[in-house]
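Structure first, commentary second.
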Amino acid sequence: MDEQRYSRQIKFFGVEGQKALEETRVAVAGCGGLGSHVVQQLAYLGVQNFLLIDKDCLEKSNLNRFIGSKPSDVDQKRLKVDILKDLILSIRPDAIVETLPASVVCADAFQKLKPVEALFGCVDKDGVRLILTHYSSLAAIPYFD
């Protein structure tokens, strides 16, 4: 752990708290405008193990709120999860970032969510929120929406 980099957080969380942040595996379901802000802040906090779930490519209408995006990402039809992986690695080169370019409401996503210790739902649809709330309740993992 880089105690100088995280010195202000360590004053609040303590060394053990900062270490716990670094070791927590988080998932972000919905990697759009809100998800990009959440991912950026988690990386800056020191989280280093991510699962990013979103099936969409970046669109021009996302450019005004999607952290880390460029107009060329739209032209290249880049996946949102890939753009955010690059963002995380620019902040934390040692991060482990798994991407799943799929809907969070699919069997593969639920399989990949099993080892997650915290789930961040940044989705647009209430039905998906309900499913994530139900899943996190059954799996006994914290869910932030």
Side-chain angles (χ1 to χ4, degrees), residues 1 5-6 8-14 16-145:
M1 171 191 340
R5 179 176 182 171
Y6 300 110
R8 292 185 181 200
Q9 289 168 213
I10 290 171
K11 287 178 185 176
F12 186 74
F13 298 128
E16 290 303 313
Q18 185 63 40
K19 186 176 177 185
L21 272 173
E22 289 185 357
E23 293 174 354
T24 300
R25 178 159 169 76
V26 303
V28 178
C31 294
L34 176 60
S36 70
H37 287 270
V38 169
V39 164
Q40 179 194 46
Q41 292 307 304
L42 289 170
Y44 277 132
L45 275 171
V47 173
Q48 62 183 9
N49 195 330
F50 293 84
L51 169 63
L52 307 176
I53 306 170
D54 195 304
K55 64 182 168 74
D56 295 333
C57 292
L58 190 75
E59 296 177 358
K60 193 171 189 177
S61 64
N62 303 131
L63 288 173
N64 68 325
R65 64 188 180 282
F66 193 97
I67 301 297
S69 67
K70 305 178 293 290
S72 61
D73 294 327
V74 174
D75 299 336
Q76 296 170 10
K77 297 183 179 13
R78 288 195 69 205
L79 290 163
K80 291 176 180 179
V81 292
D82 291 339
I83 297 166
L84 291 183
K85 180 178 182 175
D86 290 347
L87 176 66
I88 292 166
L89 293 174
S90 74
I91 296 166
R92 292 279 322 223
D94 59 339
I96 299 163
V97 185
E98 182 179 1
T99 61
L100 179 61
S103 168
V104 70
V105 186
C106 72
D108 197 25
F110 290 119
Q111 275 297 111
K112 294 198 181 278
L113 284 171
K114 285 184 179 181
V116 165
E117 297 165 283
L119 173 59
F120 292 82
C122 303
V123 296
D124 296 331
K125 296 184 171 93
D126 288 336
V128 177
R129 277 189 184 91
L130 179 62
I131 291 167
L132 291 174
T133 301
H134 186 69
Y135 174 81
S136 64
S137 180
L138 290 172
I141 58 172
Y143 175 57
F144 303 90
D145 182 77

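As the structure is a computational prediction, the values presented were derived from the model and not from experiment.
Between Lys70 and Asp86 there is no salt bridge, since no side-chain nitrogen of the basic residue lies less than 4.0 Å from a carboxylate oxygen of the acidic one.
Enclosure of atom NE2 in His134 is not indicated, since only 12 or fewer non-hydrogen atoms of other residues, nucleotides or ligands lie within 6.0 angstrom. Under a cut-off of 6.0 angstrom, the local environment of OH in Tyr44 is sparse, with at most 12 non-hydrogen atoms contributed by other residues, nucleotides or ligands.
Of all non-hydrogen atoms in Arg92 and Tyr6, the two that sit nearest each other are NH1-OH, 3.1 Å. Closest approach of Val116 to Lys112, counting heavy atoms only: CG2-O, 4.0 Å. Scanning all heavy atoms of the two residues, the minimum distance from Val104 to Ala109 falls at O-CB, 3.3 Å. When every heavy atom of Lys85 is checked against every heavy atom of Leu52, the shortest pair comes out as N-CD1, 3.9 Å.
Using the six-membered ring where Trp is involved, Phe144 and Phe120 have ring planes that are parallel, under 30° apart on the 30 and 60° scheme.
Taking CD1 of Ile96 as the start and CG of Leu51 as the end, the distance is 12.5 Å to the nearest 0.5 Å. Remark: Leu42 CG to Phe50 CZ distance equals 5.5 Å, nearest 0.5 Å. Within the model, atoms CZ of Arg25 and NZ of Lys114 stand 13.5 Å from one another, a figure rounded to the nearest 0.5 Å.
Paired with Val128 under the rule side-chain contact (heavy atoms from CB on, under 4.5 Å), one option of Leu132, Asp126, Asp124 passes, and it is Leu132.
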